[in-house]
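Read the numbers this way: they start at 1 and go in the same order the structure lists the ligands and their atoms. In this chain, numbering begins with 1 at the start of the sequence shown. What you are looking at is a predicted structure, and each value in this text was computed from that prediction instead of being measured.
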Amino acid sequence: MRMYDILDKKRNGNELTDEEISFFVSEYVNGSIPDYQASALLMAICINGMTSRETATLTKAMAESGDMLDLTAFGNNTVDKHSTGGVGDKTTLIVAPIVASLGCSVVKLSGRGLGHTGGTLDKLESIKGMRIDLTPDEFMSVAKQCGLTVCGAGANIAPADKKLYALRDVTATVQSIPLIVSSIMSKKLAGGAKNIVLDVKTGSGAFMKTLDSARELAKGMVEIGALSGKNVSAVITNMDKPLGYCVGNSLEVAEAVALLKNRSCDNDLREICITLASEMVSLSKGITAKEARAKVVETLENGNAFKTFKDWISYQQGDFNVLDDLDEFTKAAYKTELLSPCDGYISSSEASGIGIAAMMLGAGRSSKEDAIDPTAGIIQIKRVGDKVEKGSVIAILQSSTVADHSAAHKKMLESLTFSKEKPSEMPLVYEIIR
Ligand code: URA
């Protein structure tokens, strides 16, 4: 088999065979196919697309390019969740203990944040002592004891995706539905869970800017999951504005803890978490979403979800006591107030801009090597739909390493729009595809 012939075939819009796709993945991972040929194939796929069969084969080959977790010891109620990436998205911290407290097993491999989106591992690492580098034996043992573990995907989980994603990033081939489907689903298949819930974000802060493209991605991932014997549900949710009040690692952990403790919290965040958790429980237990929702609300309200959260943090060696005093936990050296430039309402809050402002404060990375300031971030005092007066505080920006917040203030103001009339409400959950 020659890579040249595969390129020629795909460039002409023809369908590749399973053997050709598997050959490409294995030979690229072992270094026999050079980046320039792999780039040419990625571009041909971007332009000509892939059939469902081709995408399924590509996904399977990428998943099998490295270790595949074996979760059969946990039975059929293993459940994973994936978000396509957002700003202020702390849902995993809330949803995972909810479903684990209901007897589902959550063994989740997560990633770090890059660019304007946050990553669960960075949020967890803001808790003193929390280990996210567990060995496979360790994370299986934590999952057996408390039904839940979240740690970093080791280098050998879907290595084909790591190599291909880096290449896509520099060859303008990220925005291709079959390539995004295979990238996300290869990691989910390697993660081993029988049930998978995908939070597909759409809007200004998301990968998928339009509902149509989010729907296409969601359908593609559900189809590939089903072909691989998984139960998959995709929830399409709004990412036109950040989720919840806070953006930034320790601030988001504190917001998640407050919600799990049933303290006052953002309604949108609570509703998205309940929807995602209900889908996870429904798939894992084979019950209706309505039945699952009743269980989810009960475990949240009776404190069982919070108890599981505490156990989980302790089993991964996080110092739970630091979360008793959330003001101390989120305390930062520098705090500044962002004031409203006018009277009226906040009519929009572009999520990616708010994410970039948080990154400028030290909450995120512009390159993989950047260090994170766990205390850096933004508390939105006023959000979309809220009334504001000129000079009133609309956000608090904080950090412990970056002393000058002026660039972040500017970025935040550029990301907000104001109107005289109260803006109409946007849908929170657009649809659920199973
Ligand atoms: N997230 C991924 O993991 N892969 C993509 O291709 C896009 C988003």
Side-chain angles (χ1 to χ4, degrees), residues 21 24-25 28-29 38-39 41-47 49-50 54-56 58-63 65-66 69 80-87 89 91-92 108-122 150-193 196-210 213-225 228 230 232 234-237 239 351-352 355 364-365 368:
I21 293 170
F24 161 66
V25 173
Y28 181 57
V29 172
S39 309
L41 183 62
L42 293 173
M43 189 56 86
I45 293 172
C46 257
I47 294 167
M50 275 188 142
E54 284 177 296
T55 310
L58 177 62
T59 308
K60 187 164 178 288
M62 286 167 66
S65 67
L69 289 193
D80 197 353
K81 167 213 168 255
H82 180 85
S83 157
T84 56
V87 178
D89 183 359
T91 53
T92 294
K108 183 162 166 47
L109 303 176
S110 271
R112 296 192 178 281
L114 189 62
H116 73 274
T117 61
T120 302
L121 297 185
D122 297 323
V150 178
C151 54
N156 211 32
I157 293 289
D161 178 59
K162 292 198 174 65
K163 225 176 147 181
L164 285 169
Y165 194 88
L167 196 59
R168 286 166 60 206
D169 219 12
V170 293
T171 54
T173 52
V174 169
Q175 291 295 342
S176 149
I177 300 267
L179 294 179
I180 299 177
V181 167
S182 54
S183 166
I184 293 176
M185 290 307 288
S186 61
K187 290 174 284 204
K188 293 296 107 184
L189 297 188
I196 301 166
V197 172
L198 304 159
D199 180 2
V200 181
K201 306 275 188 205
T202 182
S204 64
F207 245 105
M208 298 291 128
K209 304 287 178 210
T210 65
S213 59
R215 196 179 282 129
E216 194 184 339
L217 176 64
K219 283 187 174 157
M221 293 195 289
V222 170
E223 189 179 353
I224 297 301
S228 312
K230 308 285 183 186
V232 186
V235 184
I236 303 181
T237 62
M239 190 35 74
S352 58
R365 308 179 175 78
K368 274 187 191 154

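S186 contributes no side-chain N or O that, together with a main-chain N or O of M62, makes up a donor-acceptor pair within less than 3.5 Å. Judged by distance alone, with hydrogens and angles left aside, the side-chain atoms of T202 form a donor-acceptor pair with the main-chain N or O of T210 at under 3.5 Å. Although no hydrogens or angles enter the test, the distance criterion places no donor-acceptor pair under 3.5 Å between the side chain of S110 and the main chain of L121. Distance alone, capped at 3.5 Å, is enough to place a donor-acceptor pair between the K230 side chain and the A193 backbone.
In this structure the side chain of I21 reaches within 4.5 angstrom of the side chain of E54, judged on heavy atoms.
The protein non-hydrogen atom at the shortest distance from atom 8 (C) of ligand 1 is F207 CE1, 3.4 Å.
Taking each of S183, A206, G85 in turn, the one with a heavy atom nearest to atom 2 (C) of ligand 1 proves to be S183. Nearest residue to atom 3 (O) of ligand 1 from K188, H82, K187 is K187 (criterion: closest heavy atom).
Distances from ligand 1 to the non-hydrogen atoms of I184 include at least one value under 4.0 Å. Taking a 4.0 Å cut-off on heavy atoms, T84 fails to register as neighbouring ligand 1.
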